[in-house]
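Throughout, residue positions are numbered sequentially from 1 according to the sequence presented.
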Amino acid sequence: MSKNSKVLNLKDKISGNEVDLSLCNLTEVPVRELALFTKATVVDLSCNNITSLPPEFCNLTHLVKVDLSKNQLTCLPEDVGNLVNLQHLDLYNNKLTVLPVSFSQLRSLKWLDLKDNPLEAGLAKAAGDCLDEKQCKQCASKVLEHMNGLQDEVDRAREKRLLREKELERKREVKQREREARDKEARKQEKAEEKEKRRREYNAQMAAVAAREQQKKKSEEKKKKNGQAAADKKVVVELTPKPRRSLIGLMFKLLLLLLLGLAGVAATCRLTDLQKETVCVPVNIFVDDSLSWAKEQEGVVRQLVQNLSSAAKEFLESTQTSKN
């Protein structure tokens, strides 16, 4: 059956503000078609094979009376409370055990029939028998009261859950802040340790430089001290007065050199082939005369030798003394 034929057939089912879809062997509610007829506020869906209502059924907020008796409903949509204008609801002879919590929002509900449903004990007690108009009105009132209690419990449970979630979130935030604080402190400590390490390295480098400078300074001072000592020693050596040579020693040396020179010349002229040379003739004559004179002056020579020996001894002693 096409959508247009459904609409046409639905029009055939409408009488005033009522839509009679009972005994149509329906397995689902024609929600889209019902939404097109907002003036149809009363819908009879009894005596069909409907097992559930689609969520879109809760958008039919224009409905005032709905008959769903003698179907196979096992549950109602969670948002059934959106039917704010619903005043009459017949759920007789279905398979309902519970009602959605949002049922408590049906503030306009004045009549309710839940007979012949396998309701859970609390809901069954609140619903009562609903054998007449008065009991069905009481059923609506008591079920709404019961559902309000359930709504309160759900709200409290949700509030507790939200509080637990908030507490857990707060604890997570506290742990997160503590973890961030620890991480920050660890980074701060690591940075401080790194800074201290660099400071120690810098101090060690400065100490090494200072030690090298000190060593260099000591070395320079040592060299300077050694150089000063050498200079002082040199000055001392230079300032040390040279011992005066003995005049007698000097005369002795001159005389000795003179004698050696004369002796050499005499020996050369007498013992070599040069004795006949013109230069050596007067030398030989002088030597002969000297020897003759010496023989004659033997005593004088002996005295002179003694004087020379004494002078030599004094010279040696003065030299030894100056060395000491």
Side-chain angles (χ1 to χ4, degrees), residues 52 54-56 58-59 61 75-82 84 97-107 120 122 145-246 316-324:
S52 64
E56 292 80 9
C58 301
N59 296 328
T61 57
C75 63
L76 296 180
E78 290 296 327
D79 294 330
V80 70
N82 292 341
V84 293
T97 57
V98 294
L99 297 176
V101 178
S102 67
F103 198 92
S104 63
Q105 300 174 12
L106 298 176
R107 310 295 184 186
E120 56 92 15
E145 184 179 353
H146 175 74
M147 296 307 297
N148 280 327
L150 293 180
Q151 181 68 57
D152 291 341
E153 291 180 2
V154 170
D155 291 342
R156 286 193 296 270
R158 182 171 61 252
E159 186 176 355
K160 289 181 180 179
R161 185 177 68 255
L162 291 176
L163 289 175
R164 286 196 301 271
E165 291 176 355
K166 290 178 69 175
E167 182 65 18
L168 291 175
E169 182 64 24
R170 187 187 67 81
K171 289 181 179 180
R172 283 194 294 269
E173 290 178 356
V174 169
K175 290 182 179 179
Q176 179 67 20
R177 287 194 295 269
E178 291 176 351
R179 184 164 54 250
E180 290 176 354
R182 288 195 300 269
D183 293 343
K184 184 178 180 180
E185 184 64 25
R187 289 193 297 270
K188 184 178 179 181
Q189 182 67 24
E190 183 179 355
K191 187 176 180 180
E193 291 176 355
E194 181 65 22
K195 185 176 181 180
E196 179 64 20
K197 181 180 178 181
R198 292 199 302 269
R199 187 184 65 81
R200 288 197 299 268
E201 291 176 353
Y202 175 78
N203 290 340
Q205 292 176 356
M206 292 297 100
V209 171
R212 288 195 297 270
E213 292 294 330
Q214 187 68 20
Q215 186 66 26
K216 183 178 179 181
K217 186 177 180 181
K218 288 182 179 180
S219 178
E220 291 177 353
E221 289 179 352
K222 186 176 180 180
K223 290 180 179 179
K224 186 176 180 181
K225 185 176 180 180
N226 293 337
Q228 186 65 33
D232 293 343
K233 185 176 180 181
K234 183 177 180 181
V235 171
V236 170
V237 171
E238 290 178 351
L239 293 177
T240 302
K242 295 181 179 180
R244 293 185 177 182
R245 295 183 178 181
S246 175
L316 292 175
E317 289 177 353
S318 63
T319 304
Q320 187 67 28
T321 303
S322 64
K323 288 181 179 182
N324 292 334

Correct closest heavy-atom pair for Val154 and Val101 would be CG2-CG2, 3.7 Å

Using 0.5 Å steps for rounding, measure from the CZ atom of Arg161 to the CZ atom of Arg156. 14.0 Å

Interatomic spacing from CG in Asn203 to CE in Met206 - rounded to 0.5 Å: 8.5 Å

To the nearest 0.5 Å, how far apart are CG in Leu99 and CD in Glu120? 8.5 Å

Write down the atom of Pro54, the atom of Pro77, and the distance for their closest heavy-atom approach. O-CG, 3.9 Å

Rounded distance (nearest 0.5 Å) linking atom CG of Leu168 with atom CG of Leu162: 11.5 Å

Is it the case that the side chains of Gln176 and Glu180 hold a donor-acceptor pair, with the cut-off being a distance below 3.5 Å and no angle test? yes

Output the distance between atom CZ (Arg158) and atom CD (Glu165), rounded to the nearest 0.5 Å. 11.0 Å

pair Glu221-Lys217: side-chain heavy atoms closer than 4.5 Å: yes

For Glu196, give me all partners under side-chain contact (heavy atoms from CB on, under 4.5 Å), at least two apart in sequence or on another chain. Arg199, Arg200

Regarding Glu169 and Arg172, does a basic nitrogen lie under 4.0 Å from an acidic carboxylate oxygen? yes

Can you tell whether the side chains of Glu178 and Lys175 come within less than 4.0 Å, N to carboxylate O? no

From Asp152 atom CG to Ser104 atom OG, the distance as rounded to the nearest 0.5 Å: 8.0 Å

Is the closest side-chain heavy-atom distance between Leu106 and Val84 below 4.5 Å? no

Test salt bridge (Lys or Arg N to Asp or Glu O under 4.0 Å) on Arg170 and Glu167; report intermediate values, then the result. CA-CA 5 Å; Arg170 187 187 67 81; Glu167 182 65 18; 2.5 Å; yes

With a 3.5 Å distance limit and no angle check, can you tell me whether Ser102 reaches the backbone of Glu78 through a side-chain donor-acceptor pair? yes

